[in-house]
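Following: one structure in structure tokens, then a few remarks.
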Amino acid sequence: MRAYVLRHYGGPEGSLLMDVPAPAPRPSDILVEVRAAGLNPVDFKFRQGKLRAILRPKLPFVLGNELAGEVIAIGSDVKRFRVGDRVFARVAKDRAGAFAEQACVSEDDAALMPRNLDFAAAAAVPLAGLTALQALRDELDVKPGQRVFISGGAGGVGTFAIQIAKWLGAHVTTTASRRGEALVRSLGCDEVIDYTTEDISKAGRRFDAGFDLIGGKTLRQMFEIMKPGTKIVSVAAIPEPQTAIRDLGGRRALAAVFWIISYGIRSRARRAGIGYRYLFMHPSGSDLAQLAELIEQGKLKVVVDKAYPFANIAEALAYVESGRAKGKVVVRTQ
Ligand SMILES: NC(=O)c1ccc[n+]([C@@H]2O[C@H](COP(=O)([O-])OP(=O)(O)OC[C@H]3O[C@@H](n4cnc5c(N)ncnc54)[C@H](OP(=O)(O)O)[C@@H]3O)[C@@H](O)[C@H]2O)c1
């Protein structure tokens, strides 16, 4: 089968489309004929080798973290899926393999696709949708009437986060440039701060929950606009010890490293009286089923910026790497 394979870490030249053997399902796996795969910043960060402290699979390695397609075989222990089901999934991080004509997915990580989406739109949902759901519902515990601040609302995660925060009943403020303003407003965002012309720290200390998709200076400014006693969850800044303990399987040595590298952010958070957590989202078929329900009910729209043919996956990844995507980028494998 054709697959987009990482042969060595670094620039785009280290990855290429090539023929590899099709994967063989384990007893709890479904084998999926991939119709479309979603792209995410983690794909180029992984290719660059930036995740090597956390994930070190043997190379060559088939890239790709989310997919939609049709089940063509099931392992002997699979209970919830049948051949012919249309499914979508955020695949296990240490297996990846979504940028391929076929992929194995643990049945626990997959869900039936929303009936009102095609494969390209369904492939755009899992990673970004689950990240937004797990951050806002589980980590920030957003409640009706709360004021939620989301940095970077126009991208893959942001377009889901705005809508999920609205679904949870919040008043939502996001940052976007003029290029993204109309989009974030169309998704229900109440207030938009143009990060290219306005100073976020002047927004006033009025937010009950912060979800950071940008990191750096943006995160530092967010500490100035949160009410004391509230919390910021970032998926783009620096991991902290809880990331290693709760999201990466209790890796204590890694927790010590994260303690050191996050010292500055945690000190800033402590001084401001605000909690700081860096989340690594996790695959979850049951959370995906909840997203599918919201999509079928018309409560969650999927924004696909560009869909490329599989042959042009390097171009698609370069577009994601440009950092300008509005919503999601996908490739169609067929
Ligand atoms: N830890 C995890 O589990 C996890 C999971 C998912 C994602 N992430 C991370 O979360 C981050 C966001 O992911 P994504 O998929 O949403 O990225 P994305 O789709 O590539 O985001 C692109 C969008 O960000 C906007 N943007 C760029 N700089 C901005 C700034 N300074 N302020 C506000 N908006 C800005 C751009 O708008 P303009 O072009 O208009 O500027 C563009 O629309 C990435 O770093 C990704 O690696 C982490």
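Numbering of ligands and ligand atoms starts at 1, following listing order. Computed over heavy atoms, backbone and side chain alike; hydrogens, waters and symmetry mates excluded. Please read these numbers as outputs of a predicted model, since none were measured by experiment.
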Closest approach of any protein heavy atom to [atom], naming residue and atom:
atom: atom 5 (C) of ligand 1; result: Thr131 OG1, 3.3 Å
atom: atom 7 (C) of ligand 1; result: Val157 CG2, 3.7 Å
atom: atom 40 (O) of ligand 1; result: Ser177 OG, 2.4 Å
atom: atom 21 (O) of ligand 1; result: Gly155 CA, 3.6 Å
atom: atom 27 (C) of ligand 1; result: Arg324 NH2, 3.4 Å
atom: atom 19 (O) of ligand 1; result: Gly156 N, 2.8 Å

Which of the atoms of ligand 1 are close to [X], meaning less than 4.0 Å from one of its heavy atoms?
X: Leu213; result: 11 (C), 12 (C)
X: Tyr278; result: 1 (N)
X: Leu279; result: 1 (N), 2 (C), 3 (O)
X: Phe280; result: 1 (N), 3 (O)
X: Gly152; result: 33 (C), 34 (N)
X: Ala154; result: 43 (O)
X: Gly323; result: 22 (C), 23 (C), 24 (O), 27 (C), 36 (C), 42 (C)
X: Leu127; result: 5 (C), 6 (C)

- Message: Just to check, does Lys45 reach to within less than 4.0 Å of ligand 1 when the distance is taken from its heavy atoms?
- Response: yes
- Message: Would Asn40 count as a contact residue for ligand 1, given that I'm defining contact as a non-hydrogen atom of the residue lying under 4.0 Å from a ligand atom?
- Response: no
- How are the rings of Tyr9 and Phe46 set relative to one another: parallel (under 30°), tilted (30 to 60°) or perpendicular (over 60°)? perpendicular
- Item | Plane angle bin for Phe207 and Phe149 - parallel if under 30°, tilted between 30 and 60°, otherwise perpendicular | perpendicular
- Query: Is there side-chain contact between Ile238 and Leu219, with at least one heavy-atom pair below 4.5 Å?
  - Reply: no
- Message: Any non-hydrogen side-chain atom of Arg35 less than 4.5 Å from a side-chain atom of Arg86?
- Response: no
Geometry only, no angles: is [X] polar-contacting ligand 1 at N/O separations under 3.5 Å?
X: Pro41; result: no
X: Ala325; result: yes
X: Met281; result: yes
X: Ser151; result: no
X: Ala176; result: no
X: Thr218; result: no
X: Tyr195; result: yes

- Check whether more than 12 heavy atoms from other residues, nucleotides or ligands sit under 6.0 Å from atom CZ of Arg7, and answer yes or no. no
- Message: Can you confirm whether more than 12 heavy atoms, excluding those of Arg332, are under 6.0 Å from its CZ atom?
- Response: no
- Message: Between Ile200 and Thr175, does the side-chain contact (heavy atoms from CB on, under 4.5 Å) criterion hold? Intermediate values first, please.
- Response: CA-CA 8 Å; Ile200 297 167; Thr175 54; 3.8 Å; yes
- Message: Is there a continuous path of hydrophobic side-chain contacts, each under 4.5 Å between heavy atoms, that joins Val125 to Ile164?
- Response: yes
Between [Y] and [X], does any NZ, NE, NH1 or NH2 come within less than 4.0 Å of an OD or OE carboxylate oxygen?
X: Asp287; Y: Arg90; result: no
X: Arg26; Y: Asp77; result: no
X: Glu191; Y: Arg206; result: yes
X: Arg178; Y: Asp194; result: no
X: Lys328; Y: Asp305; result: no

- Task: Just let me know how Val235 lines up against ligand 1, side chain, backbone, both or neither, with a heavy-atom cut-off below 4.0 Å.
- Result: both
- Does ligand 1 have a heavy atom under 4.0 Å from the side chain of Ile214, from its backbone, from both, or from neither? side chain
- Task: Would you mind finding which of Arg179, Lys326, Gln134 brings a heavy atom closest to atom 37 (O) of ligand 1?
- Result: Lys326
- Task: Go through the structure and list residues passing side-chain hydrogen bond (donor to acceptor under 3.5 Å, both in side chains) with Asp85, not counting sequence neighbours.
- Result: none
- Message: Taking the ring of Tyr278 and the ring of Phe258, is the distance between their centroids below 6.0 Å?
- Response: no
